[in-house]
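Quick note on labels: first sequence line is chain A, next is B, and so on, each numbered from 1.
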Amino acid sequence: MTLLSEGRTHDCGELREADVGSEVRLFGWVQKRRDHGGAVFIDLRDRYGLTQVVFRPDAEAASHEAAGELRSEFCIGVRGRVDSRGDKKNPKLPTGEIEVTASELTIFSRSETPPFLIEDDIDTREALRLSHRTLDLRRAPLQRALRQRADVLRAVRSVLDERRYLEIETPFLVRNTPGGARNFLVPSRLERGSVYALAESPQIYKQLLMCAGFDRYYQIVRCFRDEDFRGDRQPEFTQIDIEQSFATEEQIYELIERLMSRVFAQVLEVPLTTPFPRLTYEDALARFGTDKPDLRYELPLCDVTETVRGCGFRVFAGAVERGGKVKALRLPGAAPSLSRKDLDGLPALVKEVGAKGVAYARIQAEGAWQAPFAKTLDDEVKARVNTETGAEEGDVLLFLADGALVVNNALSLLRQHMADRFGLIDSERWAPVWITDFPLLERTEAGQGSEWTACHHPFTAPHPDDVELLDDPTRYGDVRARAYDFVLNGVEAAGGSIRIHQPDVQQRVFRALGIDEEQARAKFGFLLDAFRYGPPPHGGVAIGVDRLVMLIAGAQSLRDVMAFPKSQKGHDLLSGAPSPADAAQLAELGVSITAPPPSGGDG
RNA sequence: GGGGUGGUAGUUAAGUCGGUUAUAACGCCGGCCUGUCACGCCGGAGGCCGCGGGUUCGAGUCCCGUCCACCCCGCCA
């Protein structure tokens, strides 16, 4: 019998004082060797933990001899006896009460010196970690994150199964429908000249499933989007996609609240209070400058546009004249701790969102302002701003004056920055919130064809009270959608809507979007056809698994909760994808590449 | 498409005003060590300074270009 065929008796994280005296077999990787010439200590690691193994010359000479050649990351098996460590316990390890005195050692495989240490906190260039992802994945934080990811999915499945949602798969290779997120394209070999698109979401298919009578559907599904990537955006990502017939917003909210409660209870043992608070899109933007506010802290924004209209400070008055906004962020009691240098450094901070500057004022006794521009403002204006923002002595007010988008982006950034700086973020706290009443339509950038585009997607139902506005192009921007986002700690973790199921409403929305009947047929004919035969009212939601797990695992990036993520340019640094196709493959597909071959990097 | 940060030994970093042989720590290799757990002590090896070009008597350092990674704006119905 070999050690391998006998099998391991325990994992490397489970032996305790109570096991002392038993014979055990442990398999794992060498985390660390400490060779004292006599006793040789090995920290043996697997995904469950670390156990100290000791080899002694007097106990088993051959094993002791062999232990001398062990190096980091050798994969080994050990037979031995569990001994108490007596007064040599290591309180830092769960298994620190005991050690295994080895009587037999099998080296399953050797390891070259790894390019970086397999430790919890390594400070290694991420590119290197990604190109040696298998080693990176041996590290405890990634092991933990991927386990939590599986735990999250298990918890979600348990709720959905209890509630009789049916898991149904939908195609990845779908019809190419330009508009919305850019699709990855897959050329067809059997029909040269045509392409499939990789599904950016199962949206249309899940609506078809509703029409087919599967009144409660879910799928844990990969989605593909060929856009620019970020720390929280990858070319392929996973959604928990849910749709149900006869749904109302309230039912969807209740379901997600139940799902999240179960997930947090099971994975983190944290109770979430339900129902979650709600905030309209309009309020969110007004008070926090973003539709995904982090509500773990306060620091609301205050719109003072009307107050400073025509005032003596040209930066303010000018922005208002140009149709922009002036908003303030009040930092209670911040005056003593924010130096002139801190405040003068703020413009650099907001430069990245396109803001040209940040005005600030320290509030002194009786509401007087200490500010570079203080003289240009009437006392009356200052007093009104004080009242509106609630500013008191010792506070600092930060002002942004610019177009609405820049003002909101910059103040949202500053709000975050200051919350961080003043330690206002309770890392133990979870702040879920529903963002409701999104606009249905938004203006597109000039020169992109149609003037309006759907905020969510073209099948999102308008608010019943606003349907009539769809007949007045000047009011398009006022139409509210039955769409909602679930935001957790400032991260958009889920989003969805009640869909349109009435052909006439769908037609009006298409018209507003500048999609004529012919285009509608060409793009979405198969959905519209399904809607001719008694479509049920329906709606749903999609949860961003990667983002949710990122929050739960406390990770800074999606890359830390995905086993094999891609770089910001969409490269898989492990496999080298994407790579040039060979000529024969392209010929078979009837595809020719016009771009010059990539020069490749040596970085 | 745009703005920013970075790339020097296996790893993380230092490298001044352009000047002799490019430093340090960790890791690695060899030796010693029977209670370590950030083991210790002694010795050693290890470099296309991302890549290409330019300026210069001389470039890790200055200039231009380029590649890669990361952060952000746009984009992500």
Side-chain angles (χ1 to χ4, degrees), chain A residues 31-43 50-59 64 71-72 83 85-93 95-96 99 112-119 121-132 177-183 200-201 203-204 223-235 237 348-355 405-406 409-410 413 438 440-442 444-445 448 450 452-460 481 483 492 495 497 509 513 515 523-524 544 556-557 559 566-569 571 573 598-603:
Chain A
Q31 175 70 30
K32 185 84 186 175
R33 181 186 60 132
R34 290 178 296 277
D35 186 345
H36 286 251
V40 175
F41 299 94
I42 297 289
D43 291 333
L50 216 59
T51 299
Q52 175 163 289
V53 178
V54 57
F55 295 85
R56 294 175 202 284
D58 46 10
H64 176 260
R71 294 293 182 274
S72 291
D83 286 332
R85 289 222 217 163
D87 58 351
K88 300 291 194 304
K89 289 181 173 50
N90 183 348
K92 292 179 207 159
L93 281 183
T95 61
E99 64 191 1
E112 293 177 22
T113 302
F116 49 81
L117 300 179
I118 312 301
E119 291 175 341
D121 298 309
I122 58 171
D123 189 14
T124 301
R125 241 188 3 263
E126 198 175 356
L128 189 79
R129 288 175 42 203
L130 289 174
S131 57
H132 296 277
T177 55
R182 196 177 288 117
N183 291 112
E200 61 195 53
S201 83
Q203 182 59 38
I204 291 177
C223 303
F224 306 88
R225 291 181 190 175
D226 187 8
E227 294 290 346
D228 287 3
F229 312 124
R230 295 284 167 77
D232 63 351
R233 281 166 16 196
Q234 281 270 317
F237 60 97
L349 201 72
V350 296
K351 198 180 140 208
E352 68 178 26
V353 294
L405 182 69
V406 169
N409 281 349
L413 190 75
F438 278 82
L440 186 73
L441 305 166
E442 63 190 349
T444 52
E445 297 279 312
Q448 276 192 345
S450 60
W452 293 87
T453 179
C455 283
H456 188 51
H457 58 57
F459 316 113
T460 301
E492 182 192 331
S497 64
V509 171
L513 292 170
I515 300 174
K523 279 185 164 182
F524 312 116
Q556 297 302 306
S557 155
R559 295 182 296 276
K566 292 182 176 59
S567 79
Q568 199 164 52
K569 289 195 72 182
H571 293 168
L573 299 178
S599 50
D602 293 297

| message | Of the listed nucleotides (B/C29, B/C71, B/A38), which one gets closest to any side-chain atom of A/Arg559? | response | B/C71
| request: Look through every strand shown and name the nucleotide pairing with B/A38 as Watson-Crick or G-U wobble, where both distances are under 3.5 Å. | output: none
| task | Select from A/His457 and A/Lys569 the residue whose nearest nucleotide in RNA chain B is closer to the 5' end of that strand. | result | A/Lys569
| note | A/Glu126 atom CD is separated from B/G50 atom P, nearest whole Å, by 20 Å
| Rounded interatomic separation in angstrom, taking CD from A/Glu119 and P from B/G27 | 9 Å
| Can you tell me if the side-chain N/O atoms of A/Asn409 get under 4.0 Å from OP1 or OP2 in B/C72? | no
Might you list the N or O atoms of the protein lying below 3.5 Å from N or O atoms in nucleotides 40-47 of chain B, with each pair's distance?
none

| query | Looking for any heavy atom pair under 4.0 Å, which part of the strands does A/Ile122 touch: base, sugar-phosphate only, or nothing? | reply | nothing
Output one line per pair: protein atom, nucleotide atom from nucleotides 2-6 of chain B, and distance, for all N/O pairs under 3.5 Å.
none

| Does a nitrogen or oxygen in the side chain of A/Arg129 sit under 4.0 Å from OP1 or OP2 of B/C70? | no
| Intermediate values then yes/no, side-chain contact (heavy atoms from CB on, under 4.5 Å), A/Phe229 and A/Lys566 | CA-CA 9 Å; A/Phe229 312 124; A/Lys566 292 182 176 59; over 6 Å; no
| message | Can you check the distance between B/G3 and B/C64, where both ends of the measurement are the P atom (answer in whole Å)? | response | 14 Å
| request: Kindly point out which of B/C76, B/G74, B/U36 is positioned nearest to the side chain of A/Glu227? | output: B/C76
| query | Who is the Watson-Crick or G-U wobble partner of B/A24, with both distances under 3.5 Å? | reply | B/U12
| said: Does A/Arg85 contact B/C37 through a side-chain donor or acceptor facing the base, at a distance under 3.5 Å? | reply: yes
| remark: Looking only at B/C76, B/G27, B/G74, the nucleotide nearest the A/Ala181 side chain is B/C76
| Partner residues of A/Arg182 under the salt bridge (charged side-chain N to carboxylate O under 4.0 Å, His left out) criterion, sequence neighbours left out | A/Glu227
| Counterpart base for B/G43, defined by Watson-Crick or G-U wobble contacts under 3.5 Å | B/C29
| query | Is the aromatic ring centre of A/His571 closer than 5.5 Å to the centre of the six-membered base ring of B/C68, with the two planes inclined by less than 30°? | reply | no
| query | When we call it a touch if two heavy atoms are under 4.0 Å apart, what does A/Pro458 touch: a base, just sugar-phosphate, or nothing? | reply | base
| If the C1' atom of B/U61 is compared with that of B/U16, how far apart are they to the nearest Å? | 10 Å
| said: If the condition is side-chain hydrogen bond (donor to acceptor under 3.5 Å, both in side chains), which residues does A/Arg34 pass it with, not counting sequence neighbours? | reply: A/Asp43, A/Gln52
| Atom CZ of A/Arg33 and atom C1' of B/C33: how far apart are they, to the nearest Å? | 13 Å
| message | With a 4.0 Å limit, can you tell me whether A/Thr124 has a side-chain N or O closer than that to the phosphate oxygens OP1/OP2 of B/U11? | response | no
| request: Just do the side-chain contact (heavy atoms from CB on, under 4.5 Å) check on A/Phe237 and A/Arg225 with the steps written out, would you? | output: CA-CA 9 Å; A/Phe237 60 97; A/Arg225 291 181 190 175; 3.7 Å; yes
| Sugar-phosphate, base or nothing in reach of A/Asp123, heavy atoms under 4.0 Å | sugar-phosphate
| query | Atom CD of A/Glu112 and atom C1' of B/G27: how far apart are they, to the nearest Å? | reply | 15 Å
| remark: By the Watson-Crick or G-U definition, both distances under 3.5 Å, B/U5 is matched with B/A69
| message | Rounded to whole Å, please give me the gap between CG in A/Asp226 and P in B/C76. | response | 13 Å
| said: I'd like to check the side-chain hydrogen bond (donor to acceptor under 3.5 Å, both in side chains) partners of A/Lys523; sequence neighbours left out, ordered by chain and number. | reply: none
| said: Given B/C37, B/A69, B/G1, identify the nucleotide with an atom nearest to the side chain of A/Ser567. | reply: B/A69
| If we take the P atom in both B/C37 and B/G27, what is their distance in whole Å? | 13 Å
| task | Please report the C-alpha distance between A/His64 and A/Val40 in whole Å, then the side-chain angles of each, then the deciding distance to 0.1 Å, and finally whether the side-chain contact (heavy atoms from CB on, under 4.5 Å) criterion is met. | result | CA-CA 7 Å; A/His64 176 260; A/Val40 175; 3.8 Å; yes
| B/U66 and B/C76, which share atom name C1', separated by this distance in whole Å | 28 Å
| message | Run the ring-ring contact (aromatic ring centres under 6.0 Å, His included) test against A/Phe224 and tell me which residues pass, sequence neighbours left out. | response | A/Phe172
| query | Which part of the nucleic acid, if any, lies within reach of A/Arg34 when heavy atoms closer than 4.0 Å are counted: base, sugar-phosphate only, or nothing? | reply | base
| task | Determine the Euclidean distance between corresponding C1' atoms of B/C32 and B/C39; express it in Å to zero decimal places. | result | 14 Å
| note | Tested for side chain to side chain contact (heavy atoms under 4.5 Å, CB included) against A/Gln31, the lone hit among A/Leu50, A/Thr51, A/Ile42 is A/Leu50
| Can you tell me how far CG of A/Asp232 sits from CD of A/Gln556, rounded to the nearest 0.5 angstrom? | 11.5 Å
| said: Does the structure show A/Phe41 stacking with B/U36, if we require the centres to be closer than 5.5 Å and the planes to be within less than 30 degrees of parallel? | reply: yes
| When the distance from CG of A/Leu573 to P of B/G7 is rounded to whole Å, what number comes out? | 18 Å
| Taking for each residue the nucleotide of RNA chain B bearing the nearest heavy atom, is the 5' side occupied by A/Cys455 or by A/Asp232? | A/Asp232
| remark: Whole-Å distance, A/Ile118 CD1 to B/G10 C1', equals 13 Å
| Taking only residues two or more places apart in sequence or in another chain, which ones pass salt bridge (charged side-chain N to carboxylate O under 4.0 Å, His left out) with A/Lys569? | none
| request: Calculate, to the nearest 0.5 Å, the distance between atoms CG and OG1 belonging to A/Asn90 and A/Thr95 respectively. | output: 8.0 Å
| task | Please name all residues satisfying side-chain hydrogen bond (donor to acceptor under 3.5 Å, both in side chains) with A/Arg33, sequence neighbours left out, ordered by chain then number. | result | A/Asp35
| request: Would you indicate, yes or no, if B/C71 has its OP1 or OP2 atom less than 4.0 angstrom from a side-chain nitrogen or oxygen of A/Gln568? | output: yes
| request: Name the pairing partner of B/A59, where a pair is Watson-Crick or G-U wobble with both distances under 3.5 Å, or state none. | output: none
| task | Tell me whether the OP1 or OP2 atom of B/C73 has a side-chain N or O from A/Arg230 closer than 4.0 Å. | result | yes
| request: For the side chain of A/His36, starting at C-beta, report the closest nucleotide among B/U34, B/C37, B/U11. | output: B/U34
| task | Not counting sequence neighbours, which residues clear side-chain hydrogen bond (donor to acceptor under 3.5 Å, both in side chains) with A/Glu126? List them please. | result | A/Arg559
| Base, sugar-phosphate, or nothing: which does A/Gly231 touch, judged by heavy atoms less than 4.0 Å apart? | sugar-phosphate
| said: Between B/U23 and B/G47, how far apart are the two P atoms, rounded to whole Å? | reply: 13 Å
| A/Lys32 NZ - B/C39 C1' separation (whole Å) | 9 Å
| said: Using a heavy-atom cut-off of 4.0 Å across all strands, would you classify A/Glu99 as base, sugar-phosphate, or nothing? | reply: base
